[in-house]
Amino acid sequence: MRAFADLFRSLDQTSRTSVKVSALAAYFDMAPERDRLWTIALLSGRRPKRLISTGRLRDWAAETAQVPLWLLEESYAVVGDLAETIALLLPTSGGTSAPTLSNVMDELAALSNAEDDEKRATVMRYWNDLPPDARLVFNKLITGGFRMGVSRKLMTRALSKATGIEESDLAHRLMGNWTPQTISYANLVLEPDASEQTARPYPFYLAYQIESAPEDLGDPGDWMAEYKWDGIRGQLIRRGGDWHLWSRGEELITDQFPELAATLDHVPDGTVLDGELLAWQDDAPRPFADLQKRLGRKTVPKKVLKDAPVVLLAYDLLEFGGKDLRPWPLRSRRDALTEVIRALPPDCPVRLSDPLKFADWPALAAIRSKARDIGTEGVMLKRMHAPYLDGRRKGDWWKWKLDPMTVDAVMIYAQAGHGRRANLYTDYTFAVWDGDTLVPFTKAYSGLTDAEFGKITAWVRKNTLERFGPVRRVTPELVFEIAFEGIQESRRHKSGITLRFPRMVRWRQDKPMAEANTLADLRALLPEP
DNA sequence: TGTGACTGCCC
DNA sequence: ATTCTGC
DNA sequence: GCAGAATGGGCAGTCACA
């Protein structure tokens with residue numbers, strides 16, 4: 001734990017990725033194997049299920065630190081991070097206990113079904129026994145999202161540096177639903193066991209938004225285009241006489257999409273498809289919301305299966321005949337994919353994401369401009385000769401989404417952010433006019449620069465009308481242009497509408513609030529029923 | 001038994 | 001998802 | 001160009017509590 005705490009501190013002190021990678025690689029070199037395994041798990045988003053609610057933790061911390069709860073809350077508002085707040089408030093201790101990272105994680109895991117009293121005793125013992133640095137890390141481990149300023153990508157790079165194994169090989173080995181309880185460091189990293197890999201997905205290739213006009217991409221003949229479907233990314237593994245479906249976040253979602261079991265009979269063993277899961281009816285895609293009802297479910301009722309049948313629109317073939325096709329150029333992978341799909345009977349819910357025919361860029365622009373009518377989000381562009389890479393990178397795959405819709409809205413509430421935004425008002429609620437009243441309809445936080453947030457924070461302090469906990473009602477006055485990708489009716493909001501991906505595009509200092517948009521303007525943007 | 005707060009997943 | 005920022 | 005940080009809405013699930 002001491003070495004891990006040191007690592008944490010060095011990562012926290014720099015934002016230089018090269019320094020982070022070196023520090024991590026050095027840690028991988030010296031740490032015991034089981035600690036390496038836990039570090040890989042934590043830095044690849046495999047934090048164990050939350051053990052203690054933040055409410056409990058606040059109570060125990062306030063008690064231990066002998067401060068009233070309100071003072072802890074106020075401190076948290078200033079510090080912006082619960083784990084750090086608690087570490088700062090706890091009485092100084094001469095703790096010298098030196099458990100390893102895996103000692104701590106294994107002990108915590110064993111508490112998963114314990115009573116609160118036992119958890120409380122364990123947490124308090126650690127608070128008392130650990131040196132201050134380690135206490136902060138311990139708190140990070142038992143609170144929410146574990147962030148160390150290094151994400152999966154840099155961790156993989158560091159592990160590559162420490163082991164000499166190719167980064168992309170490592171990225172592949174670290175995929176799937178392993179946990180430190182189910183695998184050893186050796187089996188995960190050094191000599192992956194083939195029998196354990198039958199369900200293992202390939203790392204997903206992700207696209208960036210195109211930055212300018214597609215004309216910059218050169219010869220349209222080098223590119224393939226298809227619709228950007230508004231569904232859920234899925235990788236279908238057909239191996240070892242079984243099938244598995246993975247989401248982009250590496251969740252196994254096989255049970256949520258039972259209709260794809262049909263692939264067992266019709267897709268040959270040793271095949272991996274990449275595509276988009278879509279609710280699909282009468283030869284057209286259904287809204288994303290239909291699909292979302294599937295996710296996170298423990299069981300899928302018959303009614304849901306019937307009301308929103310799902311298909312996989314396949315757009316890539318990553319493996320065929322047990323052979324990894326990722327190095328192949330897209331053109332060849334697509335040719336092979338087309339054959340695989342052609343061999344399926346019509347009732348098998350796997351289709352081809354059809355390539356869009358376009359002679360030149362203006363022709364594709366015309367297709368894109370009608371994408372919303374078809375229920376898609378725009379088009380994707382993929383370079384014909386490109387291999388299937390991993391992660392999000394620029395160059396070969398681009399999304400060319402529809403232009404967002406925008407409205408001008410009035411800020412009516414402001415709230416401080418967390419972390420590096422802890423002392424800034426960065427999180428706003430916006431309203432539009434309904435007659436002569438302002439109706440709140442969305443929140444937004446991004447799109448402004450730090451300098452603008454600074455100015456607005458000063459303004460908020462001077463223009464607060466009322467406070468509700470962390471939220472301030474402010475003088476309605478500032479107008480912002482809000483952009484969003486979609487708009488729908490909603491029962492949850494007073495305004496009756498809800499936006500998809502709202503963000504601020506600019507502060508309309510030129511616009512008086514009387515000229516902000518109206519609820520009627522928003523309703524006019526709703527799709528035809 | 002219903003509700004609201006919270007979490008973690010998708011986008 | 002999105003956006004901005006630092007390297 | 002990459003990587004990180006901080007945040008949007010909806011849904012299903014869980015848990016505390018009325």
Side-chain angles (χ1 to χ4, degrees), chain A residues 11-12 14-21 43 45 47-56 80-81 116 143-145 147-157 206-209 211 228-234 246-253 256 276-279 287-301 304 308 377 391-395 399 401 404 415-422 424 426-430 441-453 482-493 495 497-506:
Chain A
L11 295 176
D12 202 42
T14 180
S15 50
R16 311 180 95 137
T17 51
S18 54
V19 175
K20 290 179 182 180
V21 170
L43 292 180
R47 190 175 55 87
K49 214 173 125 254
R50 164 175 247 122
L51 195 63
I52 300 152
S53 72
T54 54
R56 289 274 182 287
D81 180 289
D116 265 1
T143 54
R147 291 237 179 83
M148 278 184 67
V150 188
S151 250
R152 188 169 179 151
K153 182 96 188 195
L154 289 188
M155 179 274 288
T156 309
R157 191 178 299 166
L206 305 171
Y208 271 106
Q209 195 114 242
E211 278 143 7
K228 185 180 186 304
W229 305 102
D230 185 14
I232 292 169
R233 184 80 177 264
W246 293 94
S247 72
R248 188 154 92 65
E250 277 168 75
E251 296 294 321
L252 214 35
I253 51 173
Q256 280 74 38
E276 195 81 358
L277 293 157
L278 277 176
F288 180 75
D290 281 11
L291 199 65
Q292 209 176 7
K293 293 190 174 73
R294 294 289 187 97
L295 292 169
R297 266 193 193 278
K298 290 204 149 163
T299 57
V300 187
V304 175
E377 300 184 292
R392 192 183 298 277
R393 44 178 97 211
K394 298 191 178 180
K399 43 184 166 183
K401 294 181 69 162
Q415 188 173 357
H418 291 87
R420 64 182 284 271
R421 293 171 154 203
L424 290 169
T426 55
D427 186 356
Y428 313 131
T429 301
F430 293 99
F441 69 104
T442 194
K443 299 211 301 176
Y445 78 97
S446 84
L448 300 185
T449 61
D450 283 2
E452 285 172 312
F453 279 133
I482 308 295
F484 49 95
E485 305 295 321
I487 180 165
Q488 270 191 298
E489 293 208 64
S490 155
R491 262 173 297 215
R492 288 165 50 139
H493 297 292
S495 63
I497 54 119
T498 179
L499 305 185
R500 193 146 187 227
F501 310 143
R503 68 267 191 189
M504 296 174 270
V505 276
R506 59 183 165 138

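Chain naming here is simple, since letters A, B, ... match the order of the sequence lines and numbering starts at 1 in each.
- In the set dC10(B), dT7(B), dC11(D), the nucleotide with an atom closest to the side chain of Leu295(A) is dC10(B).
- Taking side-chain N and O atoms only, Lys443(A) has a distance below 4.0 Å to OP1 or OP2 of dG8(D).
- A 6.0 Å sphere centred on CZ of Arg392(A) holds more than 12 heavy atoms belonging to other residues, nucleotides or ligands.
- Among the atoms of the strands shown, only primed sugar atoms or phosphate atoms (P, OP1, OP2) are found under 4.0 Å from some heavy atom of Glu251(A).
- At most 12 non-hydrogen atoms from other residues, nucleotides or ligands lie less than 6.0 angstrom from CD of Gln488(A).
- OP1 or OP2 of dG1(D) has not a single side-chain nitrogen or oxygen of Arg392(A) nearer than 4.0 Å.
- Here dC10(B) is the nucleotide among dC10(B), dC2(D), dA3(D) with the atom lying nearest to any side-chain atom of Ser247(A).
- Not one N or O on the side chain of Ser151(A) forms a donor-acceptor pair closer than 3.5 Å with the backbone of Lys153(A).
- Spacing of P atoms, dT3(B) relative to dG6(C), comes out at 47 Å, to the nearest Å.
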Sub-3.5 Å pairs of nitrogen or oxygen atoms, protein against nucleotides 13-17 of chain D:
unit_1, atom_1, unit_2, atom_2, d
dG13(D), OP1, Lys298(A), N, 2.9
dT14(D), OP1, Lys298(A), NZ, 2.6

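- A sub-4.0 Å separation between OP1 or OP2 of dC11(B) and a side-chain N or O of Arg248(A) is present.
- When atom types are taken as modelled, the side chain of Gln256(A) and the backbone of Val300(A) share no donor-acceptor pair closer than 3.5 angstrom.
- Comparing atom distances between the Asp230(A) side chain and each of dG4(D), dT7(D), dC11(B) picks out dC11(B) as nearest.
- OP1 and OP2 of dT7(B) both lie 4.0 Å or more from every side-chain N or O belonging to Ser53(A).
- Ion pairing between Glu485(A) and Arg503(A) holds under the 4.0 Å rule for side-chain N and carboxylate O.
- The side chain of His418(A) places an N or O atom within less than 4.0 Å of a non-bridging phosphate oxygen (OP1 or OP2) of dT7(D).
- Taking atom CG on Asp12(A) and atom P on dG4(D), their separation rounds to 14 Å, with Å as the unit.
- The outermost nucleotides of DNA chain C lying under 4.0 Å from heavy atoms of chain A, listed 5' to 3', are dA1(C) to dC7(C).
- Side-chain N/O atoms of Thr17(A) include none lying less than 4.0 angstrom from OP1 or OP2 on dC2(D).
- Checking dG10(D), dC11(B), dA6(D) against the side-chain heavy atoms of Gln292(A) singles out dG10(D) as nearest.
- Ranking dA3(D), dG4(D), dA6(D) by closeness to the Arg157(A) side chain, first place goes to dA3(D).
- With a 6.0 Å cutoff to the six-membered ring centre and a 45° limit on the axis angle, Arg500(A) counts as a cation-pi contact of Phe288(A).
- Rounded to an integer number of Å, the gap from CD1 of Ile482(A) to C1' of dT7(D) is 13 Å.
- Closest-nucleotide positions on DNA chain C for Asp450(A) and Tyr445(A) were compared, and the one nearer the 5' end corresponds to Tyr445(A).
- Nearest to the side chain of Phe501(A), among dT7(D), dC11(B), dG4(D), sits dC11(B).
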